[in-house]
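Notes follow the structure.
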Amino acid sequence: MSEEKTYHMSPAEFRRFGYAAIDWIADYYERVESLPVLSPVKPGDTRAALPAHPPQQGEPFDAVLRDVSERILPGITHWQSPNFFAYFPANASGPSILGDLISSGLGVQGMLWATSPACTELETHVLDWVAQMLDLPPRFRSTGTGGGVIEDSASSAALCALLAARERATGLASNARGCRERLTAYTSSQAHSSIEKGAKIAGIGRENLRLIDVDANFALRPDLLAQRINEDRQAGCVPFFAAATVGTTSSNAIDPVPEIGRICREQGLWLHVDGAMAGTAALCPEFRHVQAGLEFADSYCFNPHKWMFTNFDCDCFFVADRAALIQALSILPEYLRNQATETGAVIDYRDWQIPLGRRFRALKLWFVIRHYGVEGLQHHVRRHVALAQEFAGWVRLDPDFELAVLPPLNLVCFRHRGGDGFNQALMDRLNASGALFFTHTRLQDRLTLRFCVGQTHTERRHVEQAWRRIRQTAAELARG
Ligand SMILES: *Cc1c(COP(=O)(O)O)cnc(C)c1O
């Protein structure tokens, strides 16, 4: 027998290197707190540390892992640091990482039920669990006319909702001959940019997306929505879609979904509700008011990959009428024909999303829910909200600082009274220190600092230390 070189990693090597990789991650989590949260590298630094040409011969795994530590890590902004308070959390967890690893190991394509039945059925089942955990209206469960699916992102969920709404409004004609009606869509001026992107991709056109003005709390004004819909109808447009936000990215504002929902129902508009980050709060009954009005929604999404300890990517997307979504997105080329699909007895998730192929993402969500239990998840959500509220209390008591809005949940928008330039300098200096990382927005036309609590390992001491550093640095800057 000839000893032909296979080039593959043998099972024995995989076992050894696999343990080393897990050790690497565990070591990383043990020391991530001590690393500068915001990566200090300059554009091009990471590439300059890498060889210009790919290796002709394979290299030892140890060398690859060493380069992760030495050449890649300096260019990483540590989203898993307990001192990360920027943008929104992307909180990973042990069970999620391991679920994702097993998903990689199985390496299945879950586009059809037939391509891996358990991949589809676990997803349907876990999404029904999530619907129970949040106490979503029954119409979003697979046992009724609706159901849930895991999308890669809230952006994809919004696009799918737009496409389903477009086809519902045009009797499936847009799919056949392109969209000819002047369809108009509605969202608030504070909505996430993914709604505008979706409107562009879905052929609605940015100019036909109406950005409705907001109230003093940055929530959409339903009176202006109703007025604009009427004006558009009079002008010969076809209002077809509205997106409400529960927890805007900028300030965590919560749109009045019950009022918006009533208008949408009266006017026959598809209502999509985007709860990307704040939706997780509804795990706790005391925060479930963020779901008020969801019984009017045609679709709803939130991101376990933001605040529910599940690694990116995992967006839970629920629809009340799955047929509307499937009709909009279904395709059936000959090479995918199979008996299970023909019988209509199974779900083929390729018809619930933009791409054909799909990863086994339900596994990591299932691992997370089974590890923490509902109780564990509630515990951490409560803790994060309490820490953010405590932080807001300190801001309110300090004469040099003010809250821009009352924080509804885990995001605090605040500023120093010294003006835009001062706040910018304060944020830049703190972020450059590496000790913490937070970001900004503009509210009331003023630079506003955002402090978002939601990292897996953020504890009270991290929030306290952050506030101490913010005050100290502000005092230093004020002294000049
Ligand atoms: C973060 C965010 C999004 C975008 O989420 P992706 O999953 O990255 O597409 C959309 N809407 C809101 C309100 C968000 O906060």
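Just follow the structure's listing: the first ligand is 1, and inside any ligand the first atom is 1. In this chain, residues are counted from 1 in sequence order.
Judged by a 6.0 Å distance limit and a 45° cone about the ring axis, R370 is positioned over the six-membered ring of W366.
In this structure, F451 and F85 have parallel ring planes: the angle between them is below the 30° cut-off, well short of the 60° mark. Using bins of under 30°, 30° to 60° and over 60° for the plane-to-plane angle, the ring pair H289/F287 lands in the perpendicular bin.
Only the side chain of T245 comes within contact range of ligand 1, with a heavy atom under 4.0 Å; no backbone atom does.
For D315, the closest heavy-atom approach to ligand 1 does not fall below 4.0 Å.
The side-chain contact (heavy atoms from CB on, under 4.5 Å) test with V246 singles out one residue from L409, N252, V290, and that residue is V290.
Against a heavy-atom cut-off of under 4.0 Å, G247 is close to the following atoms of ligand 1: 13 (C).
Here the heavy atom of the protein found nearest to atom 1 (C) of ligand 1 is K306 NZ, 1.4 Å. Of the protein's non-hydrogen atoms, D274 OD2, 2.6 Å is the one closest to atom 11 (N) of ligand 1. Remark: minimum distance from atom 7 (O) of ligand 1 to any protein heavy atom is reached at A154 N, 2.8 Å. The single protein non-hydrogen atom nearest to atom 10 (C) of ligand 1 is H192 CG, 3.2 Å, given as residue, atom name and distance. S155 OG, 2.5 Å is the protein heavy atom nearest to atom 9 (O) of ligand 1.
At least one N or O atom of H305 sits closer than 3.5 Å to an N or O atom of ligand 1. The N/O atoms of N303, backbone and side chain alike, include one that comes under 3.5 Å of an N/O atom in ligand 1.
Atom CZ of R206 has 12 or fewer heavy atoms from other residues, nucleotides or ligands within 6.0 Å.
Annotation: side-chain contact (heavy atoms from CB on, under 4.5 Å) contacts of T145 (sequence neighbours excluded): none.
Proximity of the aromatic rings of F437 and W79 is defined here by a centroid distance below 6.0 angstrom, and this criterion is not met.
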